[in-house]
Every structure is written in structure tokens, then in C-alpha cells.
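Presented below is the structure to which this report refers.
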Amino acid sequence: MKFGGTSIADGKKIRHVAQLLIGYREAGDQVVAITSALGGVTDGLLTNAAEASQKGKVSQIKEFMTDLAKKHYDAIGYAIDDERIADDVIETIDSRIDELEKALIGICYLGELTPRSIDYISSYGERLAVPIISGAIRSLGTDSMPFTGGEAGIVTTSDYGSAQPLEKSYDQIQNNISALVETSIPVITGFIAEDKKGIITTLGRGGSDFTASLVGAAIRADEIWLWKEVHGIMTTDPKIVPEASPIPQISYIEAMELSYFGAKVLHPRAIEPAIKHGIPVRVKNTFDIEYPGTLIVADQTRKEDVVKAVTLIRKVAAVNISGAGMVGAIGTAARIFSALAKAGVNIIMISQSSSEANMSLVVEEAHLKKAVKALRSEFNKGVVGEVAYDKDVCVVAVVGAGMDGIPGVAGKVFGALGKGKINVIMISQGSSQHNISFAISEKDAEEAVRVLHQKFGLGSKKRSGQ
Ligand SMILES: Nc1ncnc2c1ncn2[C@@H]1O[C@H](COP(=O)(O)OP(=O)(O)O)[C@@H](O)[C@H]1O
Ligand SMILES: N[C@@H](CC(=O)OP(=O)(O)O)C(=O)O
């Protein structure tokens with residue numbers, strides 16, 4: 001069972017989570033808990049690390065550390081009644097706060113922030129949270145032990161910021177964790193792991209879902225449950241469309257497409273380990289335990305749900321490569337992609353005009369500068385006339401395995417957008433036919449999501465159980 005940052009945002013919620021875990025254990029289930037950092041902490045760590053490297057203000061770091069310590073002391077005060085346990089946990093928190101402060105002050109003086117130090121700093125969110133959740137469980141009378149991802153056995157590549165778990169992690173987790181579930185509830189940090197040299201790595205933002213799936217697969221869990229602040233995977237982000245409804249069942253492939261195309265409810269790689277071992281994944285609401293949530297399984301569900309959800313990717317940019325000389329010029333696409341790969345650019349969407357005089361790409365906004373630089377230097381003379389870009393772009397996708405072979409979905413999508421006077425910049429449909437995605441101007445993005453959500457009747461279904 002994995003609990004995200006919103007589920008453990010403060011002491012009251014942590015107590016609730018500890019009671020929830022104990023409740024399942026007392027009902028006869030063996031449980032392993034994976035948790036994120038307390039809500040907002042990872043963002044705070046990243047912002048302060050970046051500012052430390054740019055402004056070098058030690059006083060700002062001290063202020064941040066005081067607030068951070070207070071947030072965690074308050075959580076201990078509310079979630080842990082047993083004084084001896086509370087004292088032990090405070091001791092752990094104090095020593096971690098001390099290490100973190102030294103690291104951030106070091107960054108102030110160095111004025112440098114490497115990917116390796118970003119992972120080290122951001123790991124403290126989870127490393128401060130887990131001792132508190134484990135202490136809260138012990139304080140309620142059930143045995144529990146805290147683990148970092150590395151201690152649990154997760155070993156990754158050294159790709160800081162998006163490290164890949166190595167195959168041997170599965171056996172190591174199995175050896176370190178499986179036997180403990182008989183007598184206790186182990187609590188493991190999500191998101192963070194270690195490379196072969198024992199250096200802290202992270203699995204990417206939102207990576208606790210991935211940790212849960214990895215641990216679940218390693219211990220051969222019957223099910224992997226991801227507890228969130230929403231009633232499951234919804235037909236779209238409820239923050240954009242309040243009428244969005246939870247999807248009772250969805251296939252692995254649809255869930256992956258949804259997360260890839262921006263649904264912040266799941267980490268894009270979260271369910272890979274679960275798929276590999278055929279373990280069902282459930283997304284549930286921490287604050288409405290009885291509600292069944294969304295079940296993610298291998299089977300495709302009912303075909304009549306042609307479109308299951310609408311998603312939105314923000315913080316992307318469009319790049320347009322054009323020139324009459326591209327027509328019929330063999331190898332242009334290969335040069336574009338290899339230049340971008342060499343520059344480490346992640347390409348989200350590709351589209352080529354049938355005239356061949358133009359190729360459009362969508363890349364992460366953070367990669368835009370290096371993408372344009374790489375393309376301009378590759379094509380500084382020759383077939384490409386111009387490399388232009390647009391920063392104010394979003395990608396919207398409609399997702400559903402049921403659209404495979406069903407005519408008219410694209411017509412419905414673009415008809416509705418046309419009627420809503422929403423201009424489409426670029427269109428892409430994967431040959432899997434599980435989604436249709438397109439780029440539009442940022443100012444139109446939320447309206448496009450609302451229009452499509454309504455067009456496909458997604459918000460009209462009542463939540464079952466209501
Ligand atoms: N299709 C979707 N279904 C559910 N939630 C979504 C979707 N798209 C975006 N979201 C957002 O994802 C968040 C997921 O819940 P949250 O408790 O924050 O998860 P976690 O803490 O595990 O990251 C919600 O706040 C919701 O606004
Ligand atoms: N704390 C990390 C990892 C994570 O998964 O968090 P959450 O489950 O709250 O999205 C992050 O913010 O990226």
C-alpha cells in the first residue's frame with residue numbers, strides 16, 4: 001500500500017493512515033507500506049536547493065530548515081502518543097535535519113547544484129516522513145520498521161533524477177522485506193533508492209507509485225494499492241473538470257497511456273513491474289476507504305467505453321523544423337532525431353506534414369533550449385531553412401483502448417474543438433490507436449479538456465456506490 005504526499009500531509013492524516021494500515025492487518029492481510037514525503041516537502045526542498053545555488057543566502061536556508069523541522073515535529077506530536085517512541089523518532093528527525101542543513105549550506109557556498117546533489121537533497125522528504133509513519137504504527141501497538149529504498153534492496157542505475165531499478169532489486173527486496181510482513185508492517189520510502197555505490201538516486205517526480213509497484217512485484221503481493229486524495233483514476237483531472245468521475249476498471253495499457261499523457265494520478269512507469277508479474281493495481285481514496293476506487297488489470301474492459309479519459313500535459317513546447325529542401329531529402333528525420341538524442345532531449349510528440357517540407361515536435365519545456373540549439377547547429381547549412389518554436393503550448397490526449405478500429409473518434413474530437421473555436425497546432429495518433437493527442441495553445445488547454453470531456457459524456461456517469 002502506497003500513500004502519496006497528500007495522504008500524509010500532516011499528523012492527523014498520518015495517524016489516520018497508521019490506523020488504516022493496522023485495520024487491514026487486523027482483518028487478516030499482510031501489508032507493506034510505501035510512503036512519499038509530507039505534502040509539499042519535495043517541492044520545498046527542490047526550490048530551496050535551487051535558490052541556495054543561485055542566491056547563496058544561508059539565512060534563507062536556516063529559515064526553511066526551522067519551518068521544515070516544525071512541520072515534522074508537529075506531525076510527531078499529533079501522530080505518536082507513546083513518549084518513548086516519539087523521543088526516538090525526534091532523535092532520527094533531528095539528525096536528518098542536521099545533515100540536510102549542512103548539505104544546503106554547502107550548496108550556498110559552492111553555488112553549484114548537480115543532478116546527484118538534487119537527488120540527495122530531495123531524498124530527505126521521504127527520509128523524514130518514513131520514521132514518523134513507522135513510529136505512529138508502533139505507537140498504536142503494531143510492530144513496524146522504517147526502511148529507505150536502498151535499505152529495502154532497491155538498486156538503480158546512476159541516472160540521477162530518473163534512475164532505473166536494476167533486476168537484482170527484486171531478489172534483494174524479497175530477501176529483506178518478505179519475512180517481516182508476518183509480524184510487522186514495514187514502511188519503505190517511496191521515490192528514492194541507491195545506485196551500486198550506495199549513492200542516493202531518485203526514480204523521478206511522483207516515483208513513489210513506481211516504488212510500490214516494484215516492491216509489490218518483488219514480494220509477489222496479491223494486489224498493489226495506491227492510496228490518493230481522489231476516488232481513483234478519473235475521466236479527467238477533477239481540478240479542471242469537477243464533474244469528472246472515477247473509472248471503475250481500466251487496463252494496464254490504458255493506465256500507462258493516461259499517465260504518459262499527463263494524468264498526474266500515476267507515475268508513467270508505475271505499473272511496469274506490476275504488469276510484468278500480472279499483479280492487479282488498485283487506486284483508492286485514503287479519505288473514503290470503503291469506496292472501491294479504480295482497478296487496473298490486464299484485461300481490456302467493455303468496448304462501449306471508446307474514450308475513457310481526457311488528459312493534459314503542461315510545460316511542453318512545440319518545435320517546427322521546415323524548409324523546401326527537406327522534400328524527398330533522405331535521412332533528414334534521422335538527423336533530427338539523432339541530434340536531439342545526443343542533446344538528451346525527450347520528445348513527446350512527432351508529426352510530419354505529407355509534403356515533407358515540415359516536421360513538428362513537442363518536447364518538454366525544460367529541454368526546449370537545448371533542442372533548438374542542437375537542431376540549429378545540425379542544420380546550420382543545408383536542407384532545413386528554419387527551426388522555430390512556441391513555448392505556450394500544451395498537449396491534450398483522449399485515451400481509450402476501445403477506440404481501436406472504431407471510426408469517427410478523431411472526427412468527433414476535432415469537430416468538437418472546431419465548434420469550440422479551439423485552434424489545433426499539431427495532431428498525432430499512435431498506431432496503437434489507444435489515444436489521439438494534439439498540441440494546442442496553453443490559453444485554450446483547459447477549455448479543450450472541458451469540451452472533450454463533455455463531448456464523450458465522461459462526466460455523466462454516477463460513481464458506483466453513491
Ligand atoms: N485522470 C485523473 N484522475 C485522478 N486524478 C488526476 C487525474 N489527472 C490528474 N489528477 C490529479 O492527480 C492527483 C492525484 O492524487 P494525489 O493524492 O495528489 O496523488 P499522489 O499524492 O500519490 O501523487 C489529484 O490531485 C488530481 O488532481
Ligand atoms: N515526493 C516525491 C515522490 C512522490 O511520489 O510523491 P507523491 O506520491 O506525493 O506524488 C515527489 O513529490 O515527487
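In listed order, ligands and their atoms are each counted from 1.
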Inset, instruction - Look at atom 11 (C) of ligand 2 and find which of R205, K264, E229 reaches it with the closest heavy atom. - result: R205
Legend entry - N/O donor-acceptor pair under 3.5 Å between H277 side chain and P273 backbone: yes
Inset, instruction - Around atom 5 (N) of ligand 1, find the nearest protein heavy atom and jot down its residue, atom name and distance. - result: V265 CB, 3.5 Å
Inset, instruction - Report the nearest protein non-hydrogen atom to atom 19 (O) of ligand 1: residue, atom name, distance rounded to 0.1 Å. - result: K228 CD, 3.3 Å
Inset, instruction - Find out whether K228 and V283 are in side-chain contact, i.e. whether some heavy atom of one side chain is under 4.5 Å from a heavy atom of the other. - result: yes
Legend entry - Under 3.5 Å: N/O of W227 near N/O of ligand 1: no
Inset, instruction - Identify the heavy atoms of L38 and I8 that sit nearest to each other, and give their distance. - result: CG-O, 3.2 Å
Inset, instruction - May I ask you to check if ligand 2 and G4 share an N or O to N or O distance below 3.5 Å? - result: no
Legend entry - Identity and separation of the nearest protein heavy atom to atom 10 (O) of ligand 2: G206 CA, 3.9 Å
Legend entry - Top protein contact for atom 18 (O) of ligand 1, by heavy-atom distance: T6 OG1, 3.6 Å
Legend entry - Closest candidate by heavy atom, reference atom 2 (C) of ligand 2, pool E126, K228, K2, H267: E126
Inset, instruction - Looking only at distances, please establish whether an N/O atom of ligand 1 is found under 3.5 Å from an N/O atom of M234. - result: yes
Legend entry - Flag for Y170-N175: side-chain donor and acceptor within less than 3.5 Å: no
Legend entry - Residue, atom name and distance, where the atom is the protein heavy atom closest to atom 4 (C) of ligand 2: S208 OG, 3.4 Å
Legend entry - Check: E51 side chain, N48 main-chain N or O, donor-acceptor pair, under 3.5 Å: no
Legend entry - Short N-O contact, D74 and K70, less than 4.0 angstrom: yes
Inset, instruction - Kindly confirm or rule out an N or O of S7 lying under 3.5 angstrom from an N or O of ligand 1. - result: no
Legend entry - Nearest protein heavy atom with distance in Å, relative to atom 22 (O) of ligand 1: K2 NZ, 2.6 Å
Legend entry - Identity and separation of the nearest protein heavy atom to atom 9 (O) of ligand 2: G5 N, 2.8 Å
Inset, instruction - Tell me, please: is G207 in heavy-atom contact with ligand 2, that is, under 4.0 Å? - result: yes
Legend entry - Shortest reach to atom 6 (O) of ligand 2 by a heavy atom, considering only A212, G204, G39, S36: S36
Legend entry - Residue that, paired with E223, satisfies salt bridge (Lys or Arg N to Asp or Glu O under 4.0 Å) out of K2, R282, K284: R282
Legend entry - E446 bridged to R314 by N-O distance under 4.0 Å: yes
Inset, instruction - May I ask you to identify the nearest protein heavy atom to atom 11 (C) of ligand 1, giving residue, atom name and distance to one decimal place in Å? - result: D237 OD1, 3.8 Å
Legend entry - Within reach of ligand 1, part of T236 (heavy-atom separation under 4.0 Å): backbone
Legend entry - Contact atoms of ligand 1, heavy-atom distance to K264 under 4.0 Å: 8 (N), 9 (C), 12 (O)
Inset, instruction - Please determine if E364 and K369 form a salt bridge, counting it only when a charged side-chain N lies under 4.0 Å from a carboxylate O. - result: no
Legend entry - N or O pair under 3.5 Å between K239 and ligand 1: yes
Legend entry - Distance-only donor-acceptor check, side chains S208 and T211, under 3.5 Å: no
Legend entry - Within-shell test, G232 vs ligand 1, heavy atom, strictly < 4.0 Å: yes
Legend entry - N-O pairing of E99 and R96 below 4.0 Å: no
Inset, instruction - Would you check the N or O atoms of D209, main chain and side chain alike, for any that come under 3.5 Å of an N or O of ligand 1? - result: no
Inset, instruction - Would you kindly say whether D392 and S441 are connected by a side-chain donor-acceptor distance under 3.5 Å? - result: no
Inset, instruction - Step by step, work out the salt bridge (Lys or Arg N to Asp or Glu O under 4.0 Å) result for R25 and D29. - result: CA-CA 5 Å; R25 196 176 156 71; D29 293 307; over 6 Å; no
Inset, instruction - With heavy atoms of G5 as the reference, note each atom of ligand 1 found under 4.0 Å away. - result: 21 (O)
